Structure formats: C-alpha cells, structure tokens
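Both backbone and side-chain heavy atoms feed into the values below; hydrogens, waters and symmetry mates do not. Everything numeric here is computed off the predicted structure, so don't read it as measured data.
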Amino acid sequence: LGMSSKRIWKLQDFVAHSGRVQCARLGEKSGQVLATGGEDKRVNIWKVGKPNAMMSLTGHTSSVECLVFDKQEEVLIVGCSGGSMQCWNLEYRKMAGTLAGHRTACTCVEFHPYGEFFASGSNDTNLKVWDLRRKSCIQTYPGHSAAISAIRFSPHGRWVATGGLDNQVKLWDLTAGKQMKDLDLHKAPITSLSFHPKEYLLASGSADRTVKLWSLESFLNVGSSTVGNSSVQAVKFYPEEQAVLSASQDMLRIHGTDAAVQQSDAIEVDWKGLQDMRLCYPEEKLLAVSADGSQVGIWVADLQKRELSGRGPAASSSSRPARSALPATEKAPARVSPKASPWQRAPEPPVDNLNDVPEDELETFRPPSGKAAGRTDEPVHRSPPPTQRAAVAAAAAAAAAKAVERVEQSKPASNAAEGLPASEPPRRVVEPRRPCSPSMALRGHGSPKAPNHPLPTPTPSTSSGCNYPSSSSAPAPVPAPFAADPLVARPPDIATFSAQHPQMLGVLQRRLEQTKRLHELWVQGNLSAMGAVLTMPQDHSVLCDFSRSVMRKGLSPALNLDACSALLPLLKDLMTSKYDDFVATALEFAQLLLEQFSGLISETRESCSKIPERQLDMAREGRFNKCNACFETFREIEKILSEGPHGSTSSFGSFKTSLQVFIQRGDNLLGRA
C-alpha cells in the first residue's frame, strides 16, 4: 500500500460463498454485522472479525444481487436477479415473505428512515416503494432510461434520490408522488449517492471518476472533484470534518465541502470491488467491505492519522485532516450551519395538496419566511414562539451575568463587590451538604469564562438544595465554629483549583458546551435534535438541570411531539439513577409530558392504525412512529414505578395511576387488552 500502508490495513479476508460474491452490506446500527449474497443463491450473515458465518439463508430462486438491513438489524431485504425480493426475519432466521414486482433483475434496495418502507430499483428502470406491513408495492416511479444503480432516502424521509446507468441522478417527492429534479452533469453511470445528515447537500459518485456536490436548496451543482484514476465506487459524507469521502479502486480521498480548504488528504488502497463502507465514531475510523470473486475483504482506515499532501508549513504542522476542496461550479447558496440539522427544518416540499400535512410538520419544514399552507384538526404542539424564545434569551443573559459575577466574587480582590471592607477576607455561607446536581453544585467554578448563551437555569438555592451567596444581597453571617478556620473562610484561587482538578474541569467544560448547544437548539426551535446533544455524551446532570429549567420557567407549552419522543427515553434512564434528586426530577418531568401529550398520542395511534391500502403519507407515518415510541416508553416507565426501586417514586402515586389508565386505554384501542 505504499507510504499510506500504516493508515489502512486488512482486518479480515475469507471465502464467503461457493461462487462469486455479488453484494455485501454492513448493518446500519452497529456496523459490526455483515450480509453477503452470491451466485450460489445464498445469503450469509457474518460478525465482523469472526471467521465463521452466524447464519446462512437459503431458498432464493436466483442469484442474489443486492441486500440491505433495516435500522435495527432485525430484518433483511434481499433482491435477486430474477426480479423477486425476499424479506427475512433475522431473529427467527425465517423468510417472512416474497415480493414480486420487477420484470428483470433487482439491482439495489434501501430502507426508508421510518423502517416500515423500503425502495427497490431494477434493470426494468423502475423505482418501487414497498410497505413491509402489507408486503405490497404502494408507489412506482418510471423515469430512468437505463437500470437503476443507486438509491438513497433523505434524512427527513420525504425525498428519495436514484442514480442510474443513464448517467442521471433523479430526486423524487414521496409526498407528492412525482419527480422533483433531474441532476444530469455526470458523463458516465452513477455508482453511489449520499445525503448530508445536517445540511441540504447531496453527493454523487460516478464511473466518470468524479464526485459532484449538489445543493438541495437551489438544486444546482455546487462543486466537483478533479478526475481520478479510476471509477468512484462509493461516496459518504464525513460531517465532523465538513467533508466527503470518496473511494475508488486505488484511492480513498477526503474532499472538503468548504471551498476555503485547499489541501487534500488521500490514502492509497488496494481493495477491489468495494461494496460498502461505514464511519466508526468516536474512533474516526472507516470500515470498508470489498468483494473479489468468492473472497470478501474487510478493511480499516484510520482517519485520525493525517499525512497531508499539501506543501509548506501548513502541510507539516496541521493536526486536522487536509481535504481537497470541491471546486465550485456555481455560486453555492447560503447553507445552514452544520451544528443544526436543517433536515428537521426543511423547506416546504412541492406538494399538490398540503391539507393532509399537519401544522407542526409544516412548521418543521418551512423556511423562516414561509407561511402556513394548510391546517389539520389534530391538536399540534409547535416550536417555541418568538416571545418565549426572547424570554429564554433574556433569562440566559441574566444567568450568564450571574455566573461571571460569581467567578469574580470568588477572587480575593473582589471584596468591595460584596460590600466587605478591603482588609476583610471574603466570606461564604457554609451549610451541611444536601444532595444536588453535580453540574449545579460547581456551576461558576468549572471554567473562567461564563457561557455566552446558556439554557435558562433554575436558581441553585431552590432547585438543587445547594445555597450560594447572591450577588444582589448581603452575605449571610458565618457560623461561629467555622469562622475561625482560615481554610473555610478563604476560597481557593481559581487557577490553583483548576490546576488541582483538571479532570473535573474537563467535565464542567463539557457540560458547559452541552448547555450552550441546548440553548442554541431551543432558540432555533429544533427540539428534535436535543436528544442527540444530551446523549453525546450522556450526562444526567445536564438533563436534570434542563428539565428543572423548563418546569420552573413554565416553558412546557413550547415542547412538541419531537421533543417528547427525544426526551422520554433519557428521562427513563434518569429514573434508574442512584441519586434520589435525579429520579424525582425525571418523574416530575415525565408526568408533565404525559399530561401534555397523552391525548395526542392516543388519538394518533388510533387514527393511524387504520391506514388505507396503497396510501403513503410520510407526515402521518412519522407522527405514528413517534407516538408509538412514546407509548412504549411510558409503558417502561410504568414498570419502573411499579417496581419502586427508589424512595423517590413513592410520592408519585397519582402519576402511576394516570400511566396505568393511559396504557390500558392504548391497549384497548388496538385490541391488545
């Protein structure tokens, strides 16, 4: 592998089938499960790194051409050269059904983000969308003039992109049921497609040896790579580096999506027949699968070891990966900041009739200047209105000012600010310790800088049981037994404290960043993204403080169904904490969510459980899935309350009763009781 051999290595090489391997795909959830299909009409399931197959699936009537796992790696769809598709339940190792609809070989399959649908492409040039629950085709899109070679769904699930051997990339609107755009600048067949998870961008790779970047706001080509030595086999966005990964037979390249980046990063490779690749976080490694004859190779590329190809000092000293910029072919429109996923706030889709789209979905996908196009009679829960966002911002500014003032007051030179004589050492109130949130107990001491835009936080003296001297009131008298102790009377120097506790300082800094990020999402109204911020990494203190803030400020009416589905699983985990204070906060917030959303959840589950045959409504499907997820989480919370592992749960008897009534009603509606 030449000079880049230490950056990429072959993890595994094995014979996967008795004949030629036609396809291979990694699981989406773990990236550690691999499915291979071959000319021998078999599908084998492997655990990455293990020498033997976990299972072998037989019964296909022709060569296996394509396959895909669902998001949970529990269902596998297999497309065959005869045009049929098989659905496998991997838990029971059983074929759940056969779908027939394509006249010729099925060339590619892809699951919808909601999990109940998938799309298939074929040599017959048709794109078909299937409903797994009914095992039937619900939409057919003709339009390509040659076989379809690649399919990808957009993150919000309303669009699907296809690439074909006719050199065309086509975008389809699933809600309107028609083609949106033709993207036709490639000069050879399309080999791979990838949607950016956080921005309105689509990347396409082609046998013309280039990668092209498309704006999904203007539907224009906003960048193109230089021509490589061989066909691009796969493309994938690398959002943490604002880059696109492109893999060919001889090279793995990182192309910057920002035109200001002028360097390139490339890794020489020796794989043949690349089938799939996955990014592994937080290790920043790429896992790739290749097929050559009956052999399958598994490769690992280290994206952290940067060997920059640029010249000069910048190339030798940079610790970030160098990326080749995609030269702009047209002026790119302003893009949404990568910190906030616009797929949660996409522009209004070009649909024929918006009457069936709920108002909360229209708010979610409408640009800032858009106006409502339709309403439904269903109760909806919108994003925070401007007045509430202004209140949040004002509270945040006040919290920031207080944090700065607390830091300044902790310095010896700040006696005058507290109204004390210059010769008198600063005093503080010392009280017996009570359980409190760690992030609140040390707030103001974790970082010399106060947060610019923190989430409105509860007053520490009332929310966590920890009392602090107020910047606007005179300090309380010091108890006599402690006043004579110089260690108690004089707080430590901030620099000394930080040097002695670097690990705690890092924890507090991380909590500060999470709080800032939560505040940004709240002001933007992007409530569905808060769950990801609270779990990367998961910090119970931040979640606890956030919950208290929302309840104390009376901001719960601003929460919507997205926020409910994102926060409930985290609150359920918080209920298993060893701190009673955390458990009580989680139960109180969950009770508030039940009171606010129980009616919507019950009504939506009842109405959406009777979806008419051959009808696809993405907005309704998304709402139905969110309501089902919330219902099941409430069921798990009820079990926690019934077991009562904590003393804190004993005071929530009314919540437990309300939960039981809600769950029984939901089971009766769907005939489960």
Side-chain angles (χ1 to χ4, degrees), residues 28 70-71 110-119 127 129 139 141 151-162 169-181 183 193-203 214-219 236-237 239 333 335-354 356-368 370 372-374 376 380-383 521 524-533 560-566 604 608 616-629:
E28 188 76 23
D70 74 333
K71 301 301 179 185
E110 191 70 23
F111 260 102
H112 189 275
Y114 296 162
E116 302 293 344
F117 307 97
F118 74 93
L127 168 70
V129 180
Q139 288 181 340
Y141 296 97
I151 299 174
R152 284 293 183 273
F153 283 99
S154 64
H156 61 36
R158 294 194 172 196
W159 303 341
V160 61
T162 56
V169 175
K170 295 181 182 291
L171 279 171
W172 312 86
D173 188 325
L174 298 175
T175 304
K178 63 183 181 181
Q179 182 177 334
M180 292 170 55
K181 287 292 179 180
L183 311 176
L193 297 168
S194 178
F195 278 97
H196 196 294
K198 298 180 179 180
E199 299 187 47
Y200 285 125
L201 293 174
L202 173 71
W214 309 88
S215 166
L216 298 179
E217 295 173 311
S218 64
F219 300 104
K236 194 169 193 68
F237 275 103
R335 296 203 299 269
V336 182
S337 167
K339 290 184 178 181
S341 171
W343 292 114
Q344 308 298 335
R345 299 180 60 81
E348 183 176 334
V351 298
D352 293 332
N353 185 358
L354 289 178
D356 294 331
V357 182
E359 182 69 14
D360 58 342
E361 293 288 347
L362 290 176
E363 286 293 332
T364 302
F365 291 95
R366 182 178 293 119
T376 63
V380 294
H381 304 269
R382 300 179 179 84
S383 301
L521 294 175
Q524 294 164 2
N526 190 6
L527 305 186
S528 61
M530 292 192 300
V533 173
N560 57 20
L561 185 59
D562 285 334
C564 182
S565 61
T604 302
C608 292
L616 181 64
D617 186 333
M618 287 302 169
R620 180 172 56 189
E621 287 293 336
R623 197 164 59 250
F624 183 44
N625 287 341
K626 291 170 189 173
C627 288
N628 273 338

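- Smallest separation of non-hydrogen atoms from Arg623 and Leu561: CG-CD2, 3.8 Å.
- Considering all non-hydrogen atoms of both residues, Pro155 and Pro197 come closest at CG-CA, 4.1 Å.
- To the nearest 0.5 Å, atoms NE2 (His156) and CG (Leu174) are separated by 9.5 Å.
- In this structure, Leu171 and Leu216 have side chains that are in contact, with non-hydrogen atoms separated by less than 4.5 Å.
- His112 places a side-chain N or O within donor-acceptor distance of the main-chain N or O of Gly157, the cut-off being under 3.5 Å.
- Taking all atoms of both residues into account, the shortest heavy-atom contact from Val169 to Leu202 is CG1-CD2, 4.0 Å.
- Residues Trp159 and Met180 form a side-chain contact, since some pair of their non-hydrogen atoms from C-beta on lies under 4.5 Å apart.
- Rounding to the nearest 0.5 Å gives a distance of 15.0 Å between OG of Ser154 and CH2 of Trp172.
- The two residues Phe195 and Arg152 come nearest to each other via the heavy atoms CE1-O, 3.4 Å.
- Between Leu527 and Ala563, the shortest heavy-atom contact is CB-CB, 3.8 Å.
- Residues Ile151 and Leu193 are not in side-chain contact: their nearest non-hydrogen atoms beyond the backbone lie 4.5 Å or more apart.
- Salt-bridge check for Lys626 with Asp562: passed, with a basic side-chain N closer than 4.0 Å to an acidic carboxylate O.
- For the atom pair CD (Gln139) and CG (Leu127), the distance works out to 9.0 Å, reported to the nearest 0.5 Å.
- Inter-residue side-chain proximity for Lys178 and Tyr141 is flagged as unmet; no heavy-atom pair is nearer than 4.5 Å.
- The heavy-atom pair separating Phe153 from Phe111 by the smallest distance is CD1-O, 3.3 Å.
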